[in-house]
Structure formats: C-alpha cells, structure tokens
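Throughout, a chain's letter reflects where its sequence line sits, starting with A, and its residues are numbered from 1.
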Amino acid sequence: MNESHTTEPIPNALLSQPDFAVPAALAAEADELITHYPVKRSASLMLLHAFQDHFGYISQQAVVWIAARLELAPINIYELVTFYPMFHQKPVGKCHLKICRTLSCALGGAYELHEHFCKKLGLDAKAHGPQTTGDGKYTVEFVECLAGCGTAPVMMCNDTFHEGVSLKKADEILKGRGQ
Amino acid sequence: MLTETMSTAATIETKPQPPPAEKIKVKVDGKEVAVPKTTPDPVTGKPLPTSMIQACAAANVIVPHYCYHPKLPVAGSCRMCLVEFGTPAIGPDRKPIVNPDGTTKISRALRPVIACATPVSPGMEIYTNTPAVRLMREGVLEFLLINHPLDCPICDQAGECKLQEYSVDYGNSESRFVEAKVHKPKRVELGPRIVLDDERCILCSRCIRFTRDVAGDDALGFVNRGSHSTLTAYPGRAFDNNYTLNTVDICPVGALTSKDFRFRMRVWFLKETRSLCTSCATGCNIVIGSREDAIYRYEPRENDAVNSCWMCDHGRLNYKWIGREDRLVEVRKREAEGRGQASGSRSAAPTWSAVLGEISQKLKAAEPGSIAIVASARQTNEELHLLAKLAKRLGALTDSVPRIAAGDKLLLNADRNPNSTGARLTGIAADPMGSNLPAIAGGIRSGRIKTLIVFGEDATKCGIDADLLDKLELLIASDILPNATTRRAHYLLPGCAHAEKRGTFTNTKGRVQKFLKAVEPRGDARPEWEYLHELLVNVTSRDGIASIEGVFNEMAKEVPAFSGLTWATLGDTGISAKI
Amino acid sequence: MPQEHRQILKYVDQPGYTPDIECYLRHSGYEALKKAITLPPKTQADGKTTTGPEQIRQEVMISGLRGRGGAGFPCGLKWSFVDRKSGKPIHLICNADESEPGTFKDKQIIYKDPHQMLEGMIIACYANDAHLAYIYIRGEFVEGAKILARALREARAKNFLGRNILGSGYDLEIHIHRGAGAYICGEETGLIESLEGRRAYPRIKPPYFPAVLGLYLCPTIVNNVETLCAVKHITAMGGAEYAKLGTPNNTGTRIVSISGHVKRPGYYEIEVGKVTIGELIHDPCFGGGLRDGRKLKAIIPGGSSAKIFKAGEKFKLKGNSLLGREAEKEVELLDLPYDFDSIIEAGSMSGSGALIVMDDSTDMVEALSNIAEFYAHESCGQCTPCREGSLWMAKALHRLTHGGGRSTDADYLLRIADNIPGGRTICAFGEACAWPVQSFVGKFKDEFIAKGAADEERRMKPAASPQC
Amino acid sequence: MIIKRKKLSLWERLYLPAMLGGFKVTVRHFFKKKVTMQYPEERWVVPEGYRGAPYLVKDQEGRTKCVSCQLCEFVCPPKAIRITPPGPTGVPGAGNVEKAPAEFEINMLRCIFCGFCQEVCPEEAIFLMQDYSLTGTGRDGMIYDKDKLLALGGVHNDQTRKWNRKAEEARAQGVKP
C-alpha cells in the first residue's frame with residue numbers, strides 16, 4: 001500500500017474523556033432501560049439521555065461504552081449523537097439557555113430575547129450554533145419550536161420551561177442562576 | 001466495469017433454483033412483459049414482491065437510479081427512479097371496468113412512486129417516459145448537483161460516474177444555484193484502501209448497506225442531519241475488512257475511491273478484458289483494466305453462480321506481480337557444471353525451438369519412472385491436461401502443490417489455488433494434493449528420479465530441497481517470477497501470467513470458466529499451453545491442434561468431468577462441470 | 001354564540017386539579033377503562049359474536065374520530081388496517097412528539113392530565129390486543145416525561161397497568177421513550193425508526209406501512225395524544241354519542257392552539273366545525289382579536305406546514321343546500337368553519353390544529369425565512385428533494401432577508417419548491433417544507449419581488465451600501 | 001481526340017501588347033512594398049488568436065494549473081500528448097487541488113496545432129501560444145517535458161480562480177478545503 005500524505009484522518013466530532021468511568025448506578029440504570037425493549041438497540045436514545053444527564057455531554061468513551069452494552073458498532077451510536085440535536089458533543093454551560101426561534105416565538109420577540117442574552121453574556125448573537133461563555137457557566141442556543149407558541153417567546157433553562165419571557169423576566173432567570 | 005444487470009438470482013452461493021414463481025403481466029411504456037410475482041431478496045434469498053424497476057428491466061427499459069442496486073436491500077432514498085403508473089380501474093361491482101374498445105380501463109395514479117420499492121400488480125401499467133417523470137428526474141438531478149463540488153477533472157470516477165451520465169440526459173447546462181455550497185470533509189482516509197470525499201457523496205447509502213448487509217461489518221454510517229449529512233466510519237476505527245473496495249465499485253459517484261487506483265489512470269483509457277481472479281479457488285469473475293500492456297485494476301464482473309458482483313480486496317489488489325521488473329523474460333539454458341561438458345559452448349542465446357527440441361530429445365530418451373513432474377494448481381485446465389498427457393506418456397510421477405490459508409465466509413476460499421479442482425480432474429494432482437511430493441523427493445534422493453519438471457512452483461518450498469535439485473540430471477522449470485528452483489533449472493521456460501494468455505480454470509465448486517488475454521506477454525515469454533503442446537507433439541510424434549479452443553475441446557473429450565463442454569459454450573460466466 | 005366545548009380539557013386548568021392519580025380518580029378517572037375491560041361479548045344481529053375489544057374498535061369506527069396529529073386520518077380505519085393474522089405481536093405507540101410549530105395542545109394534556117392520556121392509551125391497547133406500548137415523548141418535555149413516569153407508576157400500583165389488569169387477564173406494559181429534538185420523529189415511521197434506536201429516517205411506504213410492518217416489523221398503531229384521549233371519551237359515551245359532537249365527518253372536539261398576533265393566544269377546545277376561523281381569532285372566548293390598531297394579514301391554519309391563508313381570501317366550498325343537493329357557496333376566510341374538510345377544500349389543512357395569526361406588522365419574507373430555516377434544520381436528510389431543497393430555499397430566503405435579494409427570487413423559490421412535494425419524497429416532510437414556500441410566495445408575490453428589487457437597486461448604488 | 005486550335009485574333013497576333021502588359025506588372029512591383037521577409041532576421045507579427053505550439057501555464061500563485069485530467073491526451077488527434085498522473089499520493093499539501101501531472105510531455109513533431117487540447121481543457125491550463133517555429137537537434141529534443149512547457153507557457157492571469165473560491169467558501173464554513 002502506498003503511503004499517502006494527502007489524505008486526512010476521519011473527522012471526529014466527539015471529545016475524548018480520559019477520566020471516563022461509569023458508576024454502578026448509571027450502569028444499573030442502563031441495564032434497566034434495556035429491559036424496556038425487546039431489541040436492545042432501541043434503548044440507545046434513552047441510554048444517551050442517561051449518559052448526558054450524568055456527564056453533561058456525550059464523549060467518545062460514552063459512545064463506545066453504550067455501543068458495547070447494546071451489542072452495536074460505535075458508528076451506530078455516533079450516528080444518533082450527531083442526528084439528534086439534544087445530544088451535546090462537548091460540555092455545555094451549567095446554565096443552558098435554549099431559546100425557541102420558530103415562527104410564533106419569532107413573531108413574539110424571540111430574536112430580541114436571544115440578542116438580549118448574548119449581549120448580557122458577551123456572546124455573538126450572529127454566530128451559528130450554541131455558544132458558551134468563557135467561564136463555561138452559560139450556554140445560549142437557538143432551538144426549534146418548544147411547543148409553547150401560545151405564550152411566546154418561550155425558552156428553557158436546562159430542563160425548566162419559561163414561558164412569555166420578557167426581557168425583564170430574562171434578567172430574572174439569569175439572576176436566579178447566580179449572575 | 002461492474003455490470004448492473006437486474007438479474008433475479010442474486011446470492012453469492014449457488015442455491016437450488018426455487019420453483020418457478022407465478023407470473024404476472026404488466027405493461028412498461030406500452031410493452032407487455034410477464035414477470036414473476038416474487039423475486040428473491042438479494043441478501044436473504046426470501047421471496048419479495050417483484051418491484052417495478054425489475055419489471056422495467058425485464059422490458060429492457062432502464063429507469064435511472066442512484067441508491068437502488070440489484071444486489072442490495074432497497075433504500076428508496078435517491079428518488080431518481082420515480083415513475084408514474086396506473087392500475088386497472090375497478091368498478092362498483094369489484095370487477096375491472098372495460099373500455100368501449102374492449103381494453104381494460106386504467107386509472108392513473110395521482111402521485112408518482114419509486115420504481116425500486118413499489119411492487120407490481122397484475123395489469124399494472126408503468127410509464128417511465130412521461131413529461132412529468134422527466135421533470136422529476138431533472139428536479140432530483142438538480143438537487144443532487146447543487147452541493148456537488150463539480151470537480152470532475154480531479155475525480156477518479158469521471159467517465160464512469162452516474163451523475164455525469166444522467167446529467168447528460170437530465171441536467172441543465174448552466175446552474176441556477178447562486179448560494180454557497182455545503183462544504184464537507186475531503187480526502188478522508190476511511191480505511192487503508194479507501195479515500196472518501198464527502199462533498200461528492202450523494203448519500204445513497206449503497207456503501208453502508210453493502211458493508212452492513214453483505215460484508216457483515218457495520219462500519220459505515222451517516223452523521224449530522226439534512227443537507228449536512230456526512231458519510232463516515234467511526235473515528236479511529238478504520239474501514240478495514242476484506243471487502244471494502246466493493247464500495248468503490250458500487251459508489252455511483254466519486255465519493256469513495258480506491259487508494260490503489262487513485263490518480264493513476266483515467267478510466268476511459270482502460271481496456272477492459274474479461275478474466276478471472278487467481279487468488280483463491282472461488283474464481284471470482286473480474287474485468288482487468290489495462291492500458292498499453294500495464295494493468296491498472298481488477299474489478300469484479302457479475303456472475304451469480306460465483307461471486308454475485310463482489311470480490312475481495314485481497315484478490316483485487318493481487319495484480320502487481322504481473323508487472324514486476326524481475327519477471328522471467330527469456331529462455332535460458334544452464335549447462336550442467338562438472339559434468340565434463342564444454343562450458344565454452346555458451347554461444348548464442350537459446351531459442352524456443354532449439355530448447356524445446358533438446359528437451360523433447362532428453363525426455364524421449366529418459367527411462368520410464370525416472371521422471372517426476374511438479375505441476376501447479378495455478379495453471380489452467382488445458383496446461384494441466386497437456387502436462388498430464390505428457391506425464392502419462394513418460395510414466396512420470398506427478399503432483400501439484402496445495403496452498404492453504406485462512407478463508408472467510410463470503411468469497412475468500414481457504415484454498416488459495418485458482419485451479420485445484422482442475423488439477424484433480426486432469427489427474428495431475430495426487431489425492432490428497434501434495435501427498436506425492438515426499439515420494440518425489442525420496443525418488444530424487446534415492447537417485448531413481450533423474451529428471452524433474454517443475455511448473456510455476458518453487459520446488460524448494462514443497463519439500464524438494466536445493467541439494468536434491470542439484471542431484472538431478474535434468475531440471476526443467478517453467479515460471480513467471482524467479483525463485484530458487486528457476487535459478488537451478490537447466491532449462492528455464494518463461495511463462496505467462498493469466499492476464500497474458502487465454503485458458504480456463506475450474507473453481508472449487510466445479511465451475512469451468514474462461515479468461516481472456518488482457519496484455520501482451522513480456523519479452524520471450526510464451527503461454528505455457530503453447531509450448532506444452534509443442535513438447536507433447538514432439539515427444540509423442542503426434543499432431544495436434546495448436547489453438548486454445550482446440551486444446552480445450554480435445555480435453556473436454558478426454559476428461560470425463562468436462563465431457564460435453566466446448567470453449568464456445570463456456571460463455572462469459574462458465575459452466576458447472578460434473579465433479 | 002361560539003364557545004369552547006371542553007371535554008378533554010374539562011378539568012385541566014381548574015383550580016385544584018392536579019396530575020396525580022388520586023385527583024384523576026376523584027374526577028371519575030379510569031371509569032372508561034373499567035367499562036372497556038369488562039365489556040361482555042355481544043352477539044350481533046347476524047349471529048356473530050363480537051368481543052369487548054372488537055366492540056371498542058367498532059365504537060371508534062362509528063365515532064368517526066379523525067387523528068389529531070396532523071393528517072386527520074380516521075382512527076377507526078387506521079385500526080382496521082392492523083394485520084391481526086400475522087401472529088406477530090401488535091404494538092401501540094403514543095405519539096407525544098409534539099413539535100409542529102404553532103402546536104402546544106398535547107403538552108397541556110401530558111403536563112396537566114397525564115392519566116387521561118394513559119387511560120385512553122390503555123383502552124386503545126386493549127381494543128387492539130397490544131401488550132407492549134410506548135409513549136414517544138419529545139426530548140424537550142423533560143418534566144413531562146417525569147410526570148408520565150410517575151403516572152405510569154401510579155397506574156401500575158392501582159393495577160390499571162401491568163399484569164392481569166383489573167383482574168381481566170389482560171397484560172399491558174407501557175414504557176416512556178424520550179426523543180431528542182428531531183421534528184421528523186413526529187412522522188410515524190420516523191418515530192418507529194427512532195424508537196428502534198436508529199436515525200429517524202422515515203420508512204418507504206410500501207412496504208413499511210406501520211399497520212403491517214411497524215415497530216420491530218410487527219403491526220403497529222401510532223396515535224396522537226389527543227386522539228387517545230378522545231378514545232377514552234368515545235368508550236365512556238359511545239361512538240354514536242361522540243359523533244353527535246362536531247359536524248358530520250368532522251366529529252368530536254379538538255383542541256386548537258392559537259398563537260401569534262392575537263390578544264389571547266392559547267389552547268381552546270372546540271367542537272370541530274362549529275366555530276369559524278374568524279371567531280377563533282376575534283371572539284373574546286378565543287383569540288380575542290388582534291392587537292389594537294392592527295389588521296389581519298394572514299393566518300396559517302394548521303401548524304407551519306399548512307399553506308397560508310391571506311386575509312380576505314374567498315373560497316368556493318361545496319356546501320349542503322337545504323334540498324340536500326351539493327351546492328357551491330363562496331366563503332370568506334373568516335367565515336371558514338374550523339374543521340378538517342373545509343380547510344382542505346380551501347386549499348390548506350387543519351393539521352395539528354395550530355392557528356398562527358399574523359397581523360399587518362408581519363414581514364412575510366422574514367416569516368417565510370423563519371419557517372424555511374426550521375425545515376432546513378429539521379430535514380432528516382434521507383431523500384434527495386427534501387434534503388437539498390429545504391436548505392436551498394432556506395439559503396435563498398436568508399439571502400433575501402439579508403440584503404442579497406434579486407427580483408427574480410420569487411420565481412426562483414417557486415421553482416425550487418415545485419420540485420419537492422407531490423410524492424417525490426419518502427414522507428410528508430417534503431410537502432411540509434414546500435407548501436409554506438409555495439403559498440407564501442404565491443399569495444404575497446409582490447412583497448417578495450419588491451424586497452428583491454429593492455436589494456438589487458441598493459446594490460446598483462454602491463455608495464448607499466458599500467459592502468454586501 | 002483532336003482539339004481544335006483556337007484562332008487568334010489580330011490583337012493577339014500582334015504579341016507586343018501582351019508583352020507590354022507583362023512589363024506593366026513587373027514595373028508595378030518595383031514600387032510596391034516587399035512581401036518576402038528576410039527570415040530569420042526579420043520576424044512576422046503573429047496575429048491575435050493564432051494557433052501555435054501548446055504550452056502549459058501556471059496561475060498567479062505559481063500553481064501548475066493542469067490537474068492531470070488527461071482530457072487533452074484523450075482528444076489529441078495525433079496522440080502527441082502524454083501525461084503521467086501523480087499516483088495515489090497526489091500533490092501533498094495542495095489542499096483541494098489534489099492532483100497535478102507527475103509528467104507532461106508533448107511531442108512537437110507530432111503536434112498539428114489543432115487546438116483541441118486548449119478547447120477541451122476544463123482548467124484553462126494549456127494554451128496554444130504564438131510559437132510556430134520550433135527547432136531541435138534531434139527527435140528527443142522535440143519532446144517537450146513539463147518543466148519546459150511550463151517555462152514557455154508562463155503565468156495565466158486567471159479570472160475565475162475556481163479552486164481559490166472553493167477554498168474560501170469552505171473556510172468560511174469552518175471546513176478544511
């Protein structure tokens with residue numbers, strides 16, 4: 001085989017987590033989740049959720065661990081991590097602000113809200129994708145419809161919904177998170 | 001070139017023919033064809049309803065497609081094969097409505113369907129060339145091209161690319177896409193033999209399905225979403241099984257390219273010759289791509305009785321020895337030293353006729369039982385047969401050399417000789433193969449065997465050591481590449497690689513298949529069957545037919561397993577012999 | 001006087017109503033299940049005996065219930081397609097992946113009255129002899145998943161779920177499966193793929209009709225949350241009685257999510273077809289009218305995938321005249337009854353019951369750009385027209401809204417959009433992403449052309465805009 | 001066959017007028033500008049668009065424009081072009097233009113200056129330039145190799161710069177071109 005110098009390695013979106021260790025409780029939870037399904041593979045989304053809840057993001061090691069537990073190839077799990085936007089491939093801020101940007105919320109002022117957060121936290125409102133502050137405390141992200149169109153604009157701070165978020169309310173949310 | 005014929009049988013194994021399926025009649029663009037109601041699944045062999053695209057193939061109507069491949073499970077994602085159709089209209093009485101002119105009334109479906117996944121039903125009419133179908137194909141092609149890098153000048157697939165082919169029929173000369181293209185990873189080393197350009201990928205998933213369902217290695221997948229979807233293997237886990245290069249064949253575009261063939265030659269220069277892979281006993285049908293007597297690549301050729309349309313990487317890349325610099329290219333004669341013969345007689349270079357004449361004389365003069373022949377199961381049926389006849393005439397002890405390595409479940413056979421079956425059928429090989437080799441070695445040691453003829457093998461590697469060879473009065477070797485035996489041979493006859501001659505092999509399942517000549521032999525090298533034939537004629541003083549067809553047909557008469565076969569009836573895919 | 005008809009949302013939002021089982025039982029919860037599960041076999045007039053589950057299926061068929069998820073496909077018919085002879089187990093999935101922009105009705109049920117949904121689901125499982133069911137809930141409803149998990153625990157504790165339910169010998173297990181932020185999981189075959197642990201690529205139909213080859217290639221029923229709640233009410237009140245609600249072929253009640261530029265956005269349960277779009281927007285019981293001083297510009301009647309209606313549009317509908325003959329009548333947009341058929345006849349769809357109202361302050365190009373971005377983001381990427389078309393349209397609209405427009409862009413967009421729908425794609429997402437573009441550009445073409453022309457003009461004068 | 005001789009008229013038989021006519025032409029040419037050039041001391045001004053010998057060009061960044069697509073080799077009627085592709089390694093470090101010829105030879109003895117190579121070139125890498133008198137001391141010398149062809153071709157002022165544009169677009173999306 002010719003040694004080629006023009007090719008690139010396979011791009012890797014996942015981070016390595018050298019101190020990766022699955023606590024017994026998490027492994028037990030994973031095994032319990034697997035019992036919910038007649039086919040092990042089905043549990044992959046739930047396992048990814050469990051791992052993300054525990055580690056904050058999905059690392060290379062997590063992918064390999066889950067794949068092995070489900071008797072799959074790692075690519076099968078990697079495919080999912082990159083398909084479903086809720087899974088993070090790198091750590092997000094302790095306070096993850098997800099602002100709905102879809103039509104009803106946009107009509108209700110979601111873009112202003114997003115810009116407000118970015119300005120407050122010193123982030124670039126125009127940039128694509130989730131953005132994390134330098135201290136790793138906050139992540140601001142535009143997401144698609146959060147099913148709260150009647151109370152636009154809506155957002156989530158971690159797992160909590162906030163509806164009808166005025167700029168004033170936004171400040172309160174940030175304050176509640178200890179700014 | 002991979003042939004994409006839509007044959008029904010699709011398994012790699014030769015399975016017993018299923019009972020003839022019920023036929024249903026459909027019309028394709030007005031032409032009526034009868035197709036079986038079910039067709040075996042290409043991977044599992046289970047009967048599946050026959051699809052429209054198979055019916056169209058039966059009617060010789062080609063429906064453009066990207067993701068569909070007759071040997072893979074259906075994906076239905078490229079949407080290039082959209083067609084319109086109609087089914088017989090059913091009246092309120094649940095009977096077909098008949099037009100005033102006696103024909104069945106057809107109710108046309110409102111929406112198009114993909115021909116690759118839609119089953120046919122009796123009386124169905126498929127329309128593949130309506131203006132609407134044309135518009136849909138144009139639309140799909142435009143969508144596929146908007147994010148394509150259009151870098152045909154540096155793409156190895158150029159010339160055999162489905163995007164190029166269909167854009168001639170359905171493309172626009174000018175793009176109306178003014179946005180920025182989606183950029184993706186380029187020149188990714190997917191595995192040791194595969195380079196991936198994701199910008200060229202049209203996400204047809206053929207490679208994913210092949211490697212998962214056929215090769216059994218779930219190594220590839222898509223990451224990201226929507227138009228940013230990207231083909232990849234898991235980072236750090238190279239795409240490395242023995243069948244990876246098939247993905248290059250089935251990739252309809254230039255996304256997956258072979259590292260071996262990369263940037264070596266444009267495909268339109270390659271002459272394509274139907275041949276066989278010689279790397280194991282499976283006998284995969286191949287096409288040799290050559291230009292000006294240099295071989296650039298092997299590609300599998302469809303043969304459902306042998307290799308479907310796949311071949312292993314091991315066999316595919318095993319061609320470089322043919323072009324090696326140290327090939328044996330001249331007839332050589334080594335004067336036996338220390339035997340009192342004038343060593344100064346090494347005058348002009350020996351010629352074929354002179355050498356063959358001398359050998360014939362010596363063989364004729366040899367006493368019965370003093371000759372042994374080590375043949376090779378890499379030789380063709382014809383060569384082995386001629387050798388067997390010679391052996392019979394000379395009363396020689398014969399055998400050939402077994403070559404065993406690890407096989408796999410799909411195509412790679414543990415028997416790495418391409419023609420072990422032929423060696424057995426022609427009677428040249430002992431049973432089991434190689435069991436006579438110790439006897440030959442013993443014969444030489446005891447001095448009973450004085451003459452050894454070795455074809456295409458290194459005798460020193462099969463128990464006949466160099467010092468035994470030195471004991472021989474006459475060592476005749478025929479080979480392609482130099483080895484310890486050829487260096488000791490008194491007469492060295494340069495032979496041809498399979499790509500340089502014609503002939504037949506019998507694979508492990510008894511299929512007799514022929515291969516054709518792709519490139520000219522090097523130097524003075526001649527096809528072995530030619531000089532074996534000459535030698536046999538000389539020794540037996542009998543006339544013969546000096547053509548490969550003649551030799552084959554004669555062999556077919558003399559070897560019971562081949563009876564009834566002729567060179568002509570072998571066709572491109574061979575015939576199974578009675579083994 | 002139009003008003004709400006709260007059936008599913010009867011107790012929701014009532015003071016003191018909590019999502020726990022005790023509260024639900026106090027409000028005659030699980031009575032319908034008890035009724036369903038104890039239904040004795042009945043002998044029909046023709047001598048055939050129908051079992052309890054068969055009777056429920058018949059009632060659902062009689063009720064004329066149409067799916068509340070988006071397509072409006074009759075639920076009874078859907079159940080009748082299920083392959084019951086295959087010998088394979090039948091699965092039921094509750095589609096709680098509510099993600100159509102504009103829709104937020106299922107969330108109310110899940111968060112505020114989860115047991116109602118469970119009851120409906122258990123009845124539906126019993127009716128279809130399913131022993132394993134999943135609730136596919138969208139990933140963002142983290143709290144909702146917890147509420148449901150608790151409800152499942154409670155129901156299991158009371159033997160409404162699990163082995164030998166209420167002593168009937170019927171076993172059922174329900175599990176929660178969380179999605180992870182993919183709109184396409186709302187498509188039933190995409191949802192099944194996602195549940196099987198794969199990328200949510202919708203399956204090709206044929207051959208993968210869920211009723212025959214669904215989850216794990218077994219017959220599978222996928223029903224929306226609201227549909228399953230309706231099943232509970234049908235069981236409780238009988239199919240014929242349920243069919244009296246609403247209008248013929250558009251029976252029952254449904255929850256309409258009203259959002260956008262109205263004074264009182266929110267969810268309102270109405271009898272299908274008994275309330276017009278105008279009333280939904282302007283009536284003080286519902287939307288309460290537009291913001292002061294604003295005029296109606298457009299509405300999207302069924303979630304962002306539905307084709308837009310322009311204010312003042314008139315439609316010719318086939319109405320029933322007094323003599324019972326079909327007569328055409330012209331109806332103004334605001335007088336269009338909010339039901340399945342009228343809106344389809346008017347050229348759009350009621351989808352998931354999400355009414356998005358836009359007043360004259362709305363920039364249609366911006367609005368469409370927003371929608372297009374949503375679809376480009378959510379396209380799964382499996383089949384070509386939708387994968388490439390959705391992003392192309394989003395890019396063109398982004399250019400148009402960021403100063404790079406051309407006056408030809410309106411036609412450019414239409415030509416892209418025309419190549420996507422109409423059976424060219426695997427699932428209905430193709431339609432969903434093309435229809436907004438076709439209808440926005442079709443109905444507000446002058447705005448699109450004007451915007452592009454203005455950009456062109458600005459580019460001609462380099463002084464005004466030095467860099468683009 | 002007998003061809004009948006045409007009878008000459010009196011004017012023709014006079015002979016002198018025809019001679020004078022001849023002198024007139026001769027004399028006229030005495031005063032005309034000379035057509036013959038004293039080649040090679042004098043050189044012809046080649047008109048624009050003249051098809052002379054084909055040479056390879058580089059672009060503004062000094063990159064060999066040819067990507068070794070071998071279309072010119074394919075189209076060349078006298079088979080004067082011979083390209084050796086770079087092989088699997090391509091051009092290390094060249095970014096998105098992965099390919100360039102390892103060797104490019106034009107046999108100028110075979111070349112018929114037809115211009116097909118220039119016409120077919122998708123990269124604007126080969127141009128028929130204005131050289132029409134190529135000389136060499138042997139047949140080998142008339143086979144121009146890549147270095148010679150590039151030296152003769154010089155730099156092409158590329159307006160399209162498609163590979164650069166592609167690379168810029170990719171970088172803007174955060175992708176390595």
Side-chain angles (χ1 to χ4, degrees), chain A residues 33-50 52-53 58 66-67 70 72 76-88 98 100-108 110-111 126 142-152 154 156 158-161 163-164, chain C residues 89 98-107 132 134 138-143 145-146 173 175-183 185 194-201 215-216 257-261 264-267 300 304 354 356-359 361-362 366-367 370-371 373-374 377-378 380-381:
Chain A
L33 285 169
I34 292 170
T35 62
H36 291 189
Y37 304 92
V39 176
K40 278 189 172 182
R41 183 175 187 156
S42 283
S44 40
L45 276 192
M46 293 302 275
L47 255 58
L48 282 167
H49 274 302
Q52 180 156 304
D53 288 347
I58 306 292
I66 293 172
L70 298 176
L72 297 172
N76 301 135
I77 302 298
Y78 187 41
E79 280 191 312
L80 303 183
V81 176
T82 54
F83 184 85
Y84 295 98
M86 272 183 77
F87 297 127
H88 312 309
K98 290 177 266 190
C100 171
R101 61 152 288 282
T102 318
L103 190 58
S104 295
C105 286
L107 294 175
Y111 278 81
K126 293 245 156 34
F142 253 152
V143 295
E144 299 299 345
C145 189
L146 288 175
C149 321
T151 45
V154 297
M156 287 176 85
N158 296 344
D159 293 345
T160 322
F161 268 97
E163 306 193 322
Chain C
E98 179 170 56
S99 41
E100 176 74 23
T103 319
F104 46 97
K105 60 182 178 72
D106 294 341
K107 189 179 168 191
L132 180 61
Y134 292 95
R138 67 175 295 186
E140 287 86 348
F141 292 172
V142 187
E143 200 56 43
K146 284 180 189 153
E173 205 44 73
H175 295 293
I176 296 168
H177 185 93
R178 287 180 63 203
Y183 170 76
C185 295
S194 178
L195 218 164
E196 288 188 9
R198 280 189 273 267
R199 291 159 74 85
Y201 280 173
L215 186 63
Y216 310 122
S257 316
I258 303 177
S259 63
H261 294 143
R264 298 180 60 220
Y267 45 93
I300 303 176
S304 69
I356 303 173
V357 182
M358 291 178 242
D359 68 19
S361 68
T362 317
E366 296 276 355
N370 184 293
I371 295 178
E373 201 177 318
F374 172 80
H377 183 258
E378 297 297 342
C380 75

| query | Between Glu144(A) and Thr102(A), is any side-chain donor less than 3.5 angstrom from a side-chain acceptor? | reply | yes
| For Ser257(C), is it the side chain, the backbone, both, or neither that has a heavy atom closer than 4.5 Å to a heavy atom of chain A? | neither
| If you draw the axis of the six-membered ring of Phe161(A), does the NZ or CZ of Lys98(A) fall within 45° of it and under 6.0 Å from the ring centre? | no
| field | Cys380(C), part contacting chain A, at a heavy-atom distance under 4.5 Å | value | both
| field | Heavy-atom contact with chain C under 4.5 Å, split by part of Tyr37(A) | value | both
| Contact class of His49(A) relative to chain C, heavy atoms under 4.5 angstrom | side chain
| said: Could you tell me if the side chain of Leu215(C) sits less than 4.5 Å from the side chain of Tyr134(C), heavy atoms only? | reply: yes
| field | 4.5 Å side-chain heavy-atom contact, Leu70(A) and Arg41(A) | value | no
| Interatomic spacing from CZ in Arg178(C) to CE in Met46(A) - rounded to 0.5 Å | 6.5 Å
| request: Could you tell me which portion of Ser194(C) (side chain, backbone, both or neither) has an atom closer than 4.5 angstrom to a non-hydrogen atom of chain A? | output: both
| query | Tell me, side chain or backbone of Ala200(C) under 4.5 Å from chain A's heavy atoms, or both, or neither? | reply | both
| said: Counting heavy-atom pairs closer than 4.5 Å to chain A, which one of Gly179(C), Gly266(C), Ser304(C) comes out on top? | reply: Gly179(C)
| Heavy-atom contact with chain A under 4.5 Å, split by part of His177(C) | both
